[in-house]
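Notes follow the structure.
Ligands are counted one by one from 1 in listed order, and the atoms in each one are counted from 1 as well. Numbers here simply count residues along the sequence, with the first being 1.
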Amino acid sequence: MKLIFLGPPGAGKGTQAAGVGAHLKVPHISTGDMLRAAIKNGTPTGLKAKSYVEGGQLVPDAILIDMVRERLAMPDCENGYLLDGFPRTVEQAVALDGIAAPDAVVNIDVPDERLLARLAGRRVCVKCNGTFNVSKLADESVCPVCGGQMIQRDDDKPETIANRLRVYHEQTAPLIGYYEGQGKLRRIDVEKLPIIDGDSRPEDVFKAILASLE
Ligand code: AP5
């Protein structure tokens with residue numbers, strides 16, 4: 001299956017993608033993770049992308065389209081893919097339709113006020129890439145899964161979060177209409193799921209995603 005996860009920053013795309021990708025037996029491809037790895041390794045793509053990612057702006061379409069075209073040509077994508085963070089503009093969506101058009105697009109809808117709290121409280125493990133909210137951690141600098149160091153992403157600082165949300169509403173939200181027009185959109189509205197301790201639970205979102213794909 002060829003699947004896209006769409007949704008604002010902090011919607012839980014990365015949290016759900018690993019489990020759903022494993023369930024569907026397709027690779028989880030996160031363009032955000034690919035860009036952060038390129039920046040860390042100082043590759044030519046990383047050097048070009050750094051200032052955009054750290055400022056919460058979109059990296060130019062041409063860079064992302066080339067990166068995804070190369071990744072989708074790899075043998076592990078023979079049976080499909082789960083794209084998380086791509087496409088993010090109509091130009092990227094049109095390009096993807098020419099490379100390997102998706103079968104379905106899951107849009108995870110979360111209100112902005114909930115996103116702000118999630119992103120400001122997010123910590124990521126440098127070793128296993130596990131993502132947790134600071135409120136769920138006994139020690140906010142130690143990963144509860146592998147013991148690695150937990151850090152705050154550079155783009156999770158308050159001023160950058162506001163910019164990412166603005167960019168999402170202006171440039172990425174129009175893709176909801178684009179895929180609705182193709183009859184491929186599945187909507188997950190977290191406000192319709194049980195709210196426990198002020199938020200939905202990842203396991204309920206997971207079940208809702210699988211049900212939407214049946
Ligand atoms: P990217 O890494 O893709 O960031 P993003 O889309 O902003 O998404 P996030 O990773 O912030 O959120 P998420 O939806 O994965 O949520 P998560 O699961 O972590 O992109 C980063 C940057 O790279 C962009 O700003 C841009 O510069 C560049 N870029 C990437 N792709 C690009 C493209 N195609 N074109 C141009 N530029 C591109 O969850 C968030 C938090 O919520 C976590 O703490 C988690 O524990 C918690 N949480 C998750 N689900 C739940 C739940 N159900 N209940 C309670 N808490 C939850």
Side-chain angles (χ1 to χ4, degrees), residues 4-20 28-39 45-46 48-69 71 82-93 95-96 106-111 114-125 129-137 140 144-145 150 152-157 160-169 171-173 175 188-191 193-209:
I4 290 173
F5 275 2
L6 206 59
K13 304 182 295 293
T15 299
Q16 297 300 330
V20 175
H28 165 209
I29 300 171
S30 157
T31 46
D33 285 350
M34 289 171 80
L35 288 168
R36 281 184 288 277
I39 292 168
T45 298
K48 281 184 220 151
K50 190 174 190 314
S51 63
Y52 296 101
V53 173
E54 290 176 356
Q57 299 293 339
L58 294 186
V59 176
D61 286 333
I63 296 176
L64 264 294
I65 291 167
D66 283 351
M67 199 172 87
V68 169
R69 183 184 285 111
R71 181 64 186 86
L82 196 173
L83 275 170
D84 155 16
F86 185 97
R88 254 178 158 96
T89 63
V90 172
E91 189 173 339
Q92 292 179 15
L96 182 64
V106 171
N107 184 56
I108 308 177
D109 196 15
V110 181
R114 221 183 275 294
L115 299 171
L116 288 170
R118 285 187 187 186
L119 292 171
R122 174 167 57 185
R123 298 293 180 274
V124 182
C125 175
N129 213 24
T131 299
F132 304 91
N133 191 280
V134 77
S135 64
K136 304 271 187 317
L137 295 170
E140 71 172 87
V145 174
M150 302 291 289
Q152 183 172 39
R153 270 170 45 176
D154 284 334
D155 60 351
D156 279 348
K157 307 277 156 52
T160 316
I161 292 174
N163 202 27
R164 287 164 65 204
L165 286 174
R166 189 182 51 74
V167 167
Y168 166 78
H169 287 294
Q171 300 190 54
T172 307
L175 291 179
I188 308 295
D189 180 354
V190 302
E191 295 300 273
L193 299 174
I195 302 292
I196 316 278
D197 293 336
D199 210 337
S200 54
R201 291 181 304 183
E203 56 269 38
D204 290 330
V205 179
F206 180 76
K207 281 187 210 147
I209 291 172

Just heavy atoms, cut-off under 4.0 Å: does Val59 contact ligand 1 by side chain, backbone, both, or neither? both
I want to know if ligand 1 touches Leu58 in the polar sense, i.e. an N/O pair below 3.5 angstrom. no
Distance (rounded to the nearest 0.5 Å) between Arg118 CZ and Leu115 CG: 6.5 Å
Below 4.0 Å, non-hydrogen atoms only: which portion of Asp155 touches ligand 1? Side chain, backbone, both or neither. side chain
Identify the closest protein heavy atom to atom 8 (O) of ligand 1: which residue and atom is it, and at what distance? Lys13 NZ, 3.3 Å
Shortest non-hydrogen separation from Lys50 to Ile39 and the atoms involved: CA-CD1, 3.8 Å
Any idea which part of Leu35 is under 4.0 Å from ligand 1, heavy-atom wise: side chain, backbone, both or neither? side chain
Could you find the nearest protein heavy atom to atom 15 (O) of ligand 1 and give me its residue, atom name and distance? Gly14 N, 2.8 Å
Looking at ligand 1, does Gly10 have a heavy atom less than 4.0 Å from it? yes
Looking only at protein heavy atoms, which one is nearest to atom 20 (O) of ligand 1, and what is the separation? Arg88 NH2, 3.4 Å
Just do the salt bridge (charged side-chain N to carboxylate O under 4.0 Å, His left out) check on Arg164 and Asp156 with the steps written out, would you? CA-CA 9 Å; Arg164 287 164 65 204; Asp156 279 348; 2.8 Å; yes
With heavy atoms and a 4.0 Å threshold, my read on which part of Arg164 contacts ligand 1 is side chain
Got a sec: does the NZ of Lys157 have more than 12 other heavy atoms crowding it under 6.0 Å? yes
Minimal heavy-atom distance between Thr31 and Val68, with the atoms involved, is CG2-CG2, 3.6 Å
Gly56, any N or O under 3.5 Å of ligand 1 N or O: no
If you take all heavy atoms of Thr160 and Gly55, which pair is closest and at what distance? CG2-C, 3.6 Å
Check Gln92 against ligand 1 and report side chain, backbone, both or neither, counting heavy atoms closer than 4.0 Å. side chain
For ligand 1, which part of Val205 has a heavy atom less than 4.0 Å away: the side chain, the backbone, both, or neither? side chain
Backbone or side-chain N or O of Pro9 under 3.5 Å from ligand 1 N or O: no
Tell me: protein heavy atom nearest atom 50 (N) of ligand 1, and distance? Arg118 NH1, 3.6 Å
At the 4.0 Å heavy-atom cut-off, does Leu119 count as touching ligand 1? yes
Determine, considering heavy atoms only, which of Thr131, Val68, Val134, Asp204 sits nearest to atom 46 (O) of ligand 1. Thr131
For atom 44 (O) of ligand 1, which of Arg122, Gln171, Glu203 has the closest heavy atom? Arg122
Can you tell me if OH on Tyr52 sees more than 12 non-hydrogen neighbours from other groups inside 6.0 Å? no
Please state whether Arg36 comes within less than 4.0 angstrom of ligand 1, counting heavy atoms only. yes
Residue, atom name and distance, where the atom is the protein heavy atom closest to atom 31 (N) of ligand 1: Thr31 OG1, 2.8 Å
Whether Arg153 lies under 4.0 Å from ligand 1, heavy atom: yes
Pairs of nitrogen or oxygen atoms closer than 3.5 Å, one from Ser200 and one from ligand 1: do any exist? yes
So does Glu91 have more than 12 non-hydrogen atoms from other groups sitting under 6.0 Å from CD? no
Of the side chain and backbone of Asp199, name the one, both, or neither that has a heavy atom under 4.0 Å from an atom of ligand 1. side chain
Closest non-hydrogen protein atom to atom 18 (O) of ligand 1, residue and atom name please, with distance? Thr15 OG1, 2.5 Å
Give the contacting part of Phe132 toward ligand 1: side chain, backbone, both or neither, where contact means a heavy-atom distance below 4.0 Å. backbone
Which residue and heavy atom of the protein sit nearest atom 27 (O) of ligand 1, plus the separation: Gln57 O, 2.6 Å
Do Ser30 and ligand 1 have an N or O pair less than 3.5 Å apart? no
